[in-house]
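Please read the structure below before turning to the comments.
In what follows, every heavy atom counts, from backbone to side chain, and hydrogens, waters and symmetry copies are set aside.
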Amino acid sequence: MSSFSGRKEEIIIDYEQVSYQHQTQEFLRNLPEYIKDYIISLFPIAQWLHRYNLTWLVRDLIAGATVGIVIVPQSMGYAKIAELPPQYGLYTAFVGLCVYCLFATSKDISIGPTAVMSLLVGQTVTRVVSEDPTITGPEIAVALSLFTGIIAMFIGLVRLGILVDFIPAPAIAGFMSGSAITITIGQMPKLFGMKGVNTQVSSYLIFGDFFKHLPDTKVDVAFGLVSMFWLYGVRYACQVLGRRYPKYSMHFFFFSIMRNGILVIFGTLLAFLINIGKETSPISILKTVPAGFTAMAIPTVRTNVISGIASSLPSGVIILILEHVAIAKSFGRINDYTINPDQEIIAIGFTNIWASFFGAYPSTGSFSRTAIKARSGVKTPIAGIFSALIVLLALYALTPAFYYIPDAVLAAVVIHAVADLVSGPSYIKRLASVSLWELLIFVATVIVTFFTNVEYGIYASVAMSIVILLFRIARPRFWGLGRIPLNSSSIHSVSYQDDEKKQVISNSERQNYLYVHEQHPSLGKLVESLPDGVLMCRVDESFTYPNSSFISDKIISYCKSRTKSGGKVLSKGDRQWNDDATPAVIAARHTLPRLHALILDFASVNRLDSSGLQAIVDAQNALNKYSGHHVEFHFVNILHPAIRRCLIVAEFGTQPRPGDTRKEVLPIVPASRDGPQHGNIQLQHSDTENQINESSATTSSSSSSDEDEKQIRTDFIEYQGGISLPKDRYPFFHWSADEAVRSAVDSLHIRQLLEESGELAEDEAIDSSAGNVPASH
């Protein structure tokens, strides 16, 4: 391009097509590097372990010990929810803490037994054992851990973590809140020492049975209520004191974290003193907890066990992945680092596969322990090993002391831990102000979980999320656009006289516009209509097969409502059965202009498939028939070369001249060769390259012709330090709405001049029986 002093060079946009063969060759050439990067990515610890230092060690030791103190009583309480002996909670905690650091991309997350997963395991154990008494609870737990781990690891290895993104946060919050409510209600009978309440039925039944058995309350209630008072009282007091004395805030924090351990120690000591000299304990206690890993073995899974747990595997995998990835992403945002969801899924999958050899049940990320770990100043995932050492110490040295732990104390620990998972009124209020659809997902999930079980709650949340997502894709927002005048900009018109070698510069003002929705809540009163015969619309979604027919109908109805018919009025016998153009409708539209051009704003269109492309062609066909002549389709803000290329294939870049017709872009059913054939039907280009090459040749020829002229005129907008507005090689593709409107108005003036001079006869402008007959500039 030539450059001139004070002149902005004109930029013409076009894209060089890269062949699939070239892309394949490029991929194969880089394949060894891709494989190397993939293998290295499986072990993130190798990327930072060599930088490990003493400062990190101290911080990890403190955070690990803090989490270890919390996880020991929690894991035994969660094991009771899972209908397993308490030691299985310790097995699950140990393996999760120990193995996760090898594959982790999150420094904060703490792996182990969680409330939601324990509830699902407990409900599965109850269901399967009732159907087949020969199957034991630990056998079911091990099978669940093995198979959920295998499925999760496969998902991570093939990089299908994108599936997690299809489940919105309100769905996760819904089943976590519903599960927390279910667990809290299920632990209330233990808190009051009741024996006759079945805690494995639906929550509303447990709630009713609880009040029915209220007269059966035992002395355990003293341990339970005092424990609840202690747990909430210490946390509240430490928060208040930490704000009042910021200098000692960390001291209060660590004391607050130790409240679980202190409670269990003193509760156990008091229970031991009560039981001195008694053969039967007056309160419900934990009793014998075997030392060591007594369940360690190679998993042996029978076919009847697989059949029994099969229905719970999908929900188990969903909980495993969603809960873990959601927590990891949340703390990654808070602490300014990025996690790899696929790698996290691999980590949680391998952890559960390995855990099945220790007799553990499925484990995933815990919100409460992760928050404690992050607040404790953890630096790397190695902190989990120090937590695992405390669990190991408890398994081998402290199990005799666990005998006298009151069940009411463990119930209080569990209720206190899960209560924070319930989304409160403030969350619901914010969600309602953001999206009523997501509020519906949240409420429905909580209700389904409360009245059935967590498994159905998960399925309900996932199903509703997918249905709403598909509905949003299939029924996108459609906007008819108007414009608002903006401050005008300075235009410099430069003329170059070849024979005299003179440069003539003239200045003018060009009016620019802001294009907004016609019914904009704030700017609607300022919106002006576009010039007569020109309309503009925007669709806030990709043009794909779920929404192609909807978008086409919207475009047609929008244009018909704002323009009049230009074709001849048909008699009742000749009119199509679905034609609504009654005499009354035609009379009402008589004062409206005829449609000349439609401008489609593609700023929100990220994809365009064959169905979407055909829908645009169909819309143009219908509008051509309605208007009695060819309606130009202009496209603004085409985001991706692939979309532009699709439009070129359908000849929207260089729309054919009057008298031509076109067939379907990609017909579903091949055209019949037995039917009537129109002599003027043009065969479509069989190859995209031929279409583009032909268009390029036309452009080159036009450019050569311009160079032969005596005078070259160039208009450009002068901006400080910027460029002039780019122009596309194809006349129907534009980089600004103003440019598109000006182009449409110019072609409308040309059409009007030709019609006035008689050079463009109406009957030559369109063959109404053939469908779409586009015209070019």
Side-chain angles (χ1 to χ4, degrees), residues 1 9-42 155-163 165 340-343 541-545 548 600 602-617 633-656 662-668 670 682-704 723 725-735 776:
M1 287 183 290
E9 299 176 356
E10 188 177 58
I11 300 175
I12 304 299
I13 300 298
D14 199 4
Y15 302 98
E16 180 181 354
Q17 173 65 16
V18 180
S19 67
Y20 292 120
Q21 180 182 1
H22 176 74
Q23 292 176 348
T24 304
Q25 291 173 348
E26 196 71 22
F27 173 78
L28 293 176
R29 184 162 49 250
N30 296 326
L31 185 59
E33 190 68 24
Y34 294 154
I35 295 174
K36 177 184 174 183
D37 293 341
Y38 176 78
I39 294 174
I40 292 175
S41 69
L42 296 178
I155 291 173
L157 288 173
V158 298
R159 298 300 193 247
L160 289 178
I162 188 176
L163 297 176
D165 297 332
N340 183 345
D342 291 309
Q343 185 59 33
E541 187 55 72
S542 296
F543 280 51
T544 52
Y545 64 92
S548 57
L600 296 172
F602 265 39
S604 300
V605 178
N606 297 311
R607 300 282 179 185
L608 178 63
D609 65 6
S610 60
S611 299
L613 188 62
Q614 186 61 50
I616 301 175
V617 173
F633 272 38
H634 294 256
F635 300 87
V636 182
N637 299 322
I638 300 174
L639 296 178
H640 196 276
I643 299 176
R644 179 177 178 271
R645 188 173 183 80
C646 289
L647 295 172
I648 294 172
V649 169
E651 301 182 350
F652 281 110
T654 54
Q655 299 178 27
R662 53 207 280 209
K663 298 184 291 186
E664 289 185 272
V665 181
L666 290 170
I668 299 174
Q682 300 275 334
L683 291 177
Q684 288 199 342
H685 297 287
S686 59
D687 184 23
T688 302
E689 296 292 335
N690 295 340
Q691 160 69 15
I692 297 177
N693 291 339
E694 183 178 302
S695 301
S696 300
T698 304
T699 305
S700 301
S701 174
S702 176
S703 299
S704 300
I723 63 172
L725 183 69
K727 292 184 178 179
D728 199 285
R729 171 173 292 182
Y730 295 93
F732 295 93
F733 302 157
H734 309 277
W735 284 74
S776 62

Closest heavy-atom pair and its distance - [X], [Y]:
X: Gly653; Y: Phe732; result: O-CD1, 3.2 Å
X: Val605; Y: Leu639; result: O-CD1, 3.6 Å
X: Ser548; Y: Ala615; result: O-CB, 3.3 Å
X: Leu613; Y: Leu608; result: N-CD1, 3.7 Å

Mind checking what makes side chain to side chain donor-acceptor pair (under 3.5 Å) contact with [X], not counting sequence neighbours?
X: Glu26; result: Arg29
X: Asp165; result: Lys329
X: Arg607; result: none
X: Asp728; result: Arg644

Worksheet item: Above 12 or not: heavy atoms from other molecules or residues under 6.0 Å from CG of Leu28?
Response: yes

Holding to side chain to side chain contact (heavy atoms under 4.5 Å, CB included), I want the full list of residues that pass it with [X], two or more places apart in sequence or in another chain.
X: Pro726; value: Ile11, Ile13, Ile723, Trp735
X: Ala642; value: His640
X: Leu157; value: Tyr38, Leu42, Met153, Ile346
X: Ile35; value: Leu31, Ile39

The reported gap from OG in Ser610 to OH in Tyr545 (rounded to nearest 0.5 angstrom) is 10.5 Å

| Do the side chain of Thr544 and the main chain of Asp609 share a donor and acceptor less than 3.5 angstrom apart? | no

Please enumerate all residues that pass salt bridge (Lys or Arg N to Asp or Glu O under 4.0 Å) together with Asp342, with sequence neighbours excluded.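 With neighbours one apart ignored, the set is empty.
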
*Listed partners of Phe633 passing ring pair (Phe, Tyr, Trp, His ring centres under 6.0 Å), at least two apart*: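 Phe633 satisfies ring pair (Phe, Tyr, Trp, His ring centres under 6.0 Å) with no residue once adjacent residues are dropped.
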
Please confirm whether the ring centroid of Phe635 lies under 6.0 Å from the ring centroid of Phe602. yes

query: How about Ile648 and Phe733: do any of their side-chain heavy atoms sit closer than 4.5 Å?
result: yes

